[in-house]
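Order of the sequence lines sets the chain letters (A, B, ...), proteins ahead of strands, with each chain counted from 1.
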Amino acid sequence: MLLELDNVTVSYGRIEALHGISLTVGEGEIVALIGANGAGKSTTMRAISGLRPVGQGKIHFDGQDITKMRADLRVIRGVSQSPEGRGIFPGMTVRENLEMGAYTRRVRAEVDEDLQRAFDLFPRLKEREKQAGGTLSGGEQQMLAVGRALMSRPKLLLLDEPSMGLAPMLIQQIFDIIVEINQQGTTVLLVEQNAQQALSRAHRAYVLETGRIVKEGSGNDLLTDPAVKDAYLGVA
Amino acid sequence: MNFEFLGDNFMSLTVTGLTQGAIYALVALGYTLVYGVLRLINFAHSEVFMIGTFVTTIVWAGLGFGVGASAPGTFGVLGLIALAVVAAGAASGGTALIVERVAYRPLRKRNAPSLIFLISAIGASVALFELVGAITDRQPRGMPSLVQPKVQFTIFGADVTNLQIGIILSALAMLAGLDIFINRTRLGRGVRAVAQNPDVAALMGVNKDRVIMLIFVLGGMMAGAASVLYDVKVGITTYSVGFLIGIKAFTAAVLGGIGNLRGALLGGLLLGVVENYGAGVFGNEWMDVVAFVMLVVVLLFRPTGLLGESLGRARA
Amino acid sequence: MVGLLLGAAACASDDDGGDSTDAAACGSKIAFFGALTGGNAQLGINIRDGAKLAVDQYNKANADCKVELVEKDSAGDPAQASGLATSVVQDAKILGVVGPAFSGESKVANPIMSKEGVVIITPSATNPALADQGDKTFHRALGNDASQGPGLALYMKDVMKVQKTFVVDDASEYGKGLADQVKKTLGSVVTANAVVKEQQTDFGALVTQINSSGADSIFWGGYYREAAPFLKQYRDAGGKAKFVAGDGVKDQAFVDGAGAANAEGAILTCPCVPPEKAGGTFAADYKAAVGRDAGTYSAEAFDAANILLAGIKAGNSTREKLETFVDGYTGQGVTTSFKFQENGEIDPSAVAIWAYKVAGGKIVADQEAPKS
Amino acid sequence: MMAVLDSARKADEGRVRAVTGLRDRWANLPYGWRISVLFAFIIFLYALPGLEIPLISTPDTDFTSVLFLCAVYVLVAVGLNVVIGLAGLLDLGYIGFYAVGAYTVAILGSPNSPVVIQFPWVVCVPIAIAVTMVSGVILGWPTLRLRGDYLAIVTLGFGEIIRVFALNSDITNGNRGITGVPVPSEGTWPEWMDWFPGITAGRPIFSVSNVIGFYWLALTLVFICMLGVRRLERSRVGRSWLAIREDEDAAEVMGVPTFKYKLWAFAIGAALGGLSGALFFSKQTFINAQGFDLFTSILWVAAVVIGGAGNQLGVALGAILLAYLPERFREFADYRLLIFGVALIVMTIFRPQGLLPSRRRKVELEDRAKEGAVGE
Amino acid sequence: MSERNNLLEVDNVTIRFGGVTALDGVDFSVKEGEILGLIGPNGAGKTTCFNAVTGVVKPTSGAIRFRGKTLVGQQRHKITRLGIARTFQNIRLFPEMTALENVQVGADARHKTSVVGALFRTWRVPVKPHELVEVDAKSGFGRAVQQVRRTGQRIFGLSRHTLEERAAKEKATELLKLVGIEHRAGELARSLAYGEQRRLEIARALATEPGLLCLDEPAAGFNPAEKESLLELIRKIRDTGVTVLLIEHDMRLVMGVTDRIVVLEFGKKIAEGTPAEVRENPAVIAAYLGVPTDAA
């Protein structure tokens, strides 16, 4: 297993947001995490990437215990996250934002190569190379966030709501790209509101509800599960 | 009020104001860097500057250029100044780093509210200047006049000396260097990233602690350089020298837009110049009043300073 | 009302005195009152050491009947002075005070101590108004600003022959007082004036102002902390006018700070006798006891303490008796001959204003200023 | 090293538990008991100058004067607490109000001021309070719309402007100052007070050389003002201040006119500052620009925060320590401030919630500490 | 459903931040006494719409009217007093005040006592004996003091401050009971559980006596049981005569409780109607539920 969460709890002040989450992500998989607003999906992501301290439980990545590791060191180990709300640096240009993604890497030639790859994936970004990140539209920012996350050549890519605020056309496109990235060898853990899309693309998925995992299974199984349909697909 | 005097000596006041403002600007950088990244008024920065002024005298005295010594040749003087910049930069940078480690880092680890940081900063400031005060018996310390000012040229009736040119140009050069560092290098990008969004910066692999150490050291070095310029210009220092310059530099930083490097430059120069005009018109004793009134007026019309906050994101 | 207060005060000091009549004046105390800490400590330390020397010499000579010197450190702060003054008053053994050192704290402390009869001899507070506060036990062991001012102005006019003077003061009690006196005496010779701030170090606008005024001389009413950087910047900007200042600037730190070349020729006056010209072996004794050369006001403090000690030696064991003694005292000190007037001021004929000159990086005595 | 720190921290936590326990036990005492103890404590405070308690008395300077200074500083802290502790506005130039109050009394009441009106003290003080309130509003009107940190520098500037004005203006007599600041009353101690140590019947109640009268007046004013602020704290006004401090936007949306209440906080803080200034300089009888330096102002803020912003007893304790410790430990003379500075740093690290935290603060800081970043 | 008056009218409102258009000519109205749902995908502009109504942001163009009065340009606290209250998506309580105090702040919006009144307790009102302070001290000094206070109140009456304080406390306690957290009244808001905090926010908003209550994702982070009881609560609130404007993601909740629904996407209104109508609307299905892929 590339990533293993074992009974992880996370608290905000006195409020426990995750009450013991266990999940695994295997090498080469796309795993989706779905659930309602406030169910704890983003908190799970933040615990994995190291932005929130873990109360109890353990996180293993690539055979190593990273529970207490600093966030920036996890990036060097190969965890990269495109955060919720995209987290574009508004005062930096598109190019600088992308270069921030490669902050931990020293070989210039490789970085340039990846920059090229990002521009190939998102030609839109190439057009806006010199523009400040804050002035991009929502969709462009989303592309930039995903592109930036790839710049560190992660083993595991964490995507937090990549479809948020995008037009249906763009949603399709983003998910296509996710699949493409996955096929190139990057493992993906995905948090989505858009359960339909996420489940149809993911190999496996977990359903979160108020800080607990209530269901897991293959993407297709969950897609057809009546309870899931009822709760998250809005089709009664 | 004496507007006639202002009219007659406008350029002359401008030049002296710019010289003064250049020093404000360099000190203001320290406030701006720390504020830009940590949203924290580093009250102890004034003492970081003060330490620099003393280290300069110690270095010079150690090399045989104590009080009353005559200046060596041009290259000797430049050498002494360069050496002082290195030593004062290191000392001030080091002091800033110590302040960060002792007074701020433990609080950051505990996620303390900003008011607590302010108190800790006040404590650090008091401790530093009282320490130096005790060591120096609260006596001013003089130093040799290294640069004998010579008038280089005259614009609109104002004599401009080599000393003034030197101070303004060195300040500009250092500022430009810092600007390039922050805007063009990988480490500088890291600083800006932490300023704009510390969490996401960590997701990019930026070590926040190291960035914070870096900005304290950078700010300290700029204050150290400023302290050398100050020593060359003023020729005397005391343990309490930091307080007023610190307040002025902080005012300059806010004026230009705190968190904004170029804002610090603009704020510093503007403050120096306007202060001098004010002193000319209303009398020297009203200088600080003019400075603060200008600050209030600017903030009323531009609540985030002249150039706005840019190192960090604007707060909602 | 006033009469009532005085009656009460006299009555109180009678009570206090009651305890110590049997033991005569032995074990009496005199107090030093002034700054030993804070930014203005050096002057206070000079004074304390001068007074201490006097007391030590006295105790050596009268080993069986010693007098104790109590130190009251006010940091020069009027706010701290009142509590200290009250504590002086409450210690019935304290008969007299050398100090307070500064004029500001004197305004607070003198009424408190005077009301209870404590004999005050200040060796350094030179504000003229102190003598007019109605403090009966106040004495001043040196000339005040009103005498220094005219003296030094006359020196400027008659000896230096200045034509156009630019007067600067620092708005302090002392600096402004002196500057006002100089302005009054010099009259139309003063072309312009300006005020600087305490702790100001950058004088761009002021230098421009003086340069454009065409003055041939500058009078500085203030302290060396501001004067030194000013003079350096003024000379740096090509200013040539002669620099004159009062005793607040008379300190080696001024020469060092301004740079010897810049300070060369500056005239500094002081209502104090040069220590080397002070009578007897004072200068040598001081150096031996303290380890430094006598500083500004050390000699005055030595004299002030000696006057009090002479009174105690004569058996004046109460504040009231000591006050009578000091009021009637005549004698030669190391600085000048002492005889106090009704208001506590030293006799005008005894006031000596000395002019000092910066020469070769050192402050040396030049000559006594002409008397008005 | 870490072990020492930890054990120190533990010991301190023990102390806090004891204090908290005391507070709970206090709350559980019968009403009559509480009232009685409170009265006894108040009487003890009034009697303090006459008690001559060995370790507490100050050896070098008059103890009653120190007590008076403590009382004045407590008054300052109570006012500053309204601004900082309750409304959450950082005012670094509070000393400006202190100066305005003091100068108003001096100028209107002294026979030696440039404006010879010579109002009696009881007339001067209400005017002084009114003038400082107005100055608070004048300062607050344009600046209270600014964000927190900007407010800090602007208030700092205000404090400095007041000082420079006092130093250079004719109406304040510059640094020569004004002597003969009026005392509250010309009355004398009656016969029946003669038994109290330090009081002599027939001598003036308010005299520079015997401060008991001033101390009792200051203490009385402290109690009145603390009671007044407590009334505000436990009313709609106090709740609005807290809400503003907690979340200004949410407060506004809940119908709190935030600007109005911030202005009130400023004005009330200013009034208390002015009152303390008037009181202190009446005792001193002499006023000049010395003693209004920004440094003191900043120390006040430190005292309020260290004492425990938001808790009246806490800020009072902070103020008392600030006034008392330097006088008690005069033997450390030159190192007093140095020790103070180091103490501030140590305090913020060990006790960020202040010596006597308000219960709210304590919970908040514990939560914040728990949320510290990962991997440290 | 009978024809009812429009309580709130949002008229062609456009809001731009920098270059981004958050709302683009949105038009809708809320009728007196109904529960209106405002739905749409994340980032569709729902919260911006709330912010415009409650005065947090100012519309670039367009008008918002409440009971016929225009709200644009009004100060926020005045809007609250006109009768609009709200909760926040990311809970914004006053964390260091107790639950009771939080609600009291809301209740204060309807009270008048200000600094002078609180300080001097002027404006006395005569009262009946049962409203006087209780004498509960056992004996002695404490009892005497309480007696004196009681006598004082009997002679001078109670101040408006005291009466308002009592009213605020009563109302707050009542509302805490309504949302079901009265047992936590004395706890600091920050130490309440998540669900309790959400409920407390609703109580606080209700305390301002609103005509219109705006709820921003009140069910976020709730489990089905909690959602069920929230549904009950919203109905209960509506039954007390308060009109409700509801942003919510949970479709079941929205469908179950609302009378009408407005759907936003990319800052534009794409549909409006009863839950049943909206559910059938193809544009809504496409936009909000996501386009089903072939795999589905």
remark   = Interface check, chain E: of D:V229, D:D247, D:L232, D:V237, most non-hydrogen pairs under 4.5 Å belong to D:D247
key: Which of D:A267, D:S235, D:A243 touches chain E most, by non-hydrogen pairs under 4.5 Å   = D:A243
Which answer fits [X], side chain, backbone, both or neither, if we ask what part of it has an atom under 4.5 Å from a heavy atom of chain D?
| X | answer |
| --- | --- |
| E:F120 | backbone |
| E:R86 | both |
| E:V115 | both |
| E:K112 | backbone |

ask   = Is D:R236 reaching over with its side chain to a backbone N or O of E:H111, donor-acceptor style, under 3.5 angstrom?
value = yes
ask   = Between the side chain of D:R231 and the main-chain N/O of E:L119, is any donor-acceptor distance below 3.5 Å?
value = yes
ask   = Does a sphere of radius 6.0 Å around CZ in E:R166 hold more than 12 heavy atoms from other residues, nucleotides or ligands, not counting ones at 6.0 Å or beyond?
value = yes
query = Are more than 12 heavy atoms from other residues, nucleotides or ligands located less than 6.0 Å from atom NZ of D:K260?
reply = yes
Go through the atoms of [X] and report whether side chain, backbone, both or neither lie under 4.5 Å from a heavy atom of chain E.
| X | answer |
| --- | --- |
| D:L227 | neither |
| D:A251 | both |
| D:R230 | neither |
| D:F39 | side chain |

Do the side chains of [Y] and [X] get nearer than 4.5 Å, heavy atoms only?
| X | Y | answer |
| --- | --- | --- |
| D:T258 | E:H77 | no |
| D:D249 | E:V56 | no |
| E:V105 | D:V256 | yes |

note = Taken to the nearest 0.5 Å, the spacing of E:Q146 CD from D:I35 CD1 works out to 8.0 Å
message = Looking at chain D, which one of E:T113, E:T80, E:V145, E:D108 has the largest number of heavy-atom pairs inside 4.5 Å, strictly under?
response = E:D108
Among the listed options E:H161, E:R110, E:Q104, the residue most often paired with chain D at heavy-atom distances under 4.5 Å = E:Q104
query = Does a salt bridge link D:R245 with E:E96, judged by any charged N lying under 4.0 Å from a carboxylate O?
reply = yes
query = Would D:R239 and E:E165 pass as an ion pair if we require N to O under 4.0 Å?
reply = yes
inquiry  = Checking D:M254 against E:T208 for the side-chain contact (heavy atoms from CB on, under 4.5 Å) test, could you report, in this order, the C-alpha distance in whole Å, the side-chain angles of both residues, the deciding distance, and whether it holds?
reply    = CA-CA 7 Å; D:M254 284 308 126; E:T208 65; 4.3 Å; yes
